[in-house]
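Read the structure below first, then the notes.
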Amino acid sequence: MGKKNKLIICAALTGGLTTKNNNPNVPYTPEEFAEECFHCYQEGASIVHLHAKDPASGFATMDVEAHRKILDAVRAKCPELIINISTGSAMDTPEVRIRPVEVLR
């Protein structure tokens with residue numbers, strides 16, 4: 001039997017600076033994140049990389065509660081996905097950037 005190649009797909013759903021003005025499919029709300037993650041999972045992704053967004057402005061946020069709502073929605077719809085929370089935020093201190101990971105892991 002031949003050796004099988006394995007593939008891991010990581011879908012990056014948003015960029016820190018990307019908004020709906022750049023692409024109308026960029027998720028802002030927890031429900032939008034869950035739906036987009038589900039689409040990625042259906043297409044074979046096993047990991048999603050997320051930049052939480054402020055639903056009102058579309059700007060990236062390091063707010064723990066915004067992350068919690070997104071993670072809860074994604075986990076409810078796609079419990080098998082591995083979620084990678086972004087810590088990339090040039091506007092925040094390292095302590096602020098890592099806080100969602102520390103609290104929500």
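On a predicted model such as this, the values are computed, not experimentally measured, just so you know.
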All heavy atoms of H67 vs all of D63, minimum pair found to be ND1-O, 2.9 Å

Correct closest heavy-atom pair for G58 and T19 would be O-CG2, 3.9 Å

When every non-hydrogen atom of G16 is compared with those of A60, the smallest separation belongs to O-CB, 3.3 Å

Checklist entry - Is F38 reachable from L81 through a run of hydrophobic residues whose side-chain heavy atoms are each under 4.5 Å from the next? => result no

Quick check: does any side chain N or O of R97 sit under 3.5 Å from a backbone N or O of T87, one acting as donor and the other as acceptor?
yes

side-chain contact (heavy atoms from CB on, under 4.5 Å) assessment of R99 paired with E95 | CA-CA 6 Å; R99 188 79 180 134; E95 294 79 16; over 6 Å; no

| task | Please answer: with hydrophobic residues joined when any side-chain heavy atoms are less than 4.5 Å apart, are V26 and V48 in the same cluster? | result | no

Assess whether a salt bridge exists between R75 and E80, defined as any Lys/Arg side-chain N lying under 4.0 Å from an Asp/Glu carboxylate O. no

Sorted by chain and residue number, the salt bridge (Lys or Arg N to Asp or Glu O under 4.0 Å) partners of E31 (sequence neighbours excluded) come out as none

Item to check | Heavy atoms of other groups near Y28 OH, more than 12 under 6.0 Å | outcome: yes

_With a 3.5 Å distance limit and no angle check, can you tell me whether K77 reaches the backbone of A34 through a side-chain donor-acceptor pair?_
no

Checking I85, L13, T14 against L50 for side chain to side chain contact (heavy atoms under 4.5 Å, CB included), the one that qualifies is L13

After noting the C-alpha distance and the side-chain angles of K69 and D72, does the key distance pass the side-chain contact (heavy atoms from CB on, under 4.5 Å) rule?
CA-CA 5 Å; K69 290 176 184 175; D72 287 348; 5.9 Å; no

Within 6.0 angstrom of E43 CD, more than 12 heavy atoms from elsewhere: no

From the list V103, V96, V101, side chain to side chain contact (heavy atoms under 4.5 Å, CB included) partner of V64 resolves to V103

Any chance you could lay out the side-chain contact (heavy atoms from CB on, under 4.5 Å) test for F59 and K53, step after step, and finish with the verdict?
CA-CA 5 Å; F59 294 121; K53 298 286 189 170; over 6 Å; no

Q) Should the heavy atoms of other residues, nucleotides or ligands under 6.0 Å from CG of L17 be counted, would the total exceed 12? A) no

ask   = Is I82 linked to I9 within one hydrophobic cluster, defined over Ile, Leu, Val, Met, Phe, Trp and Tyr using a side-chain heavy-atom separation of less than 4.5 Å?
value = no

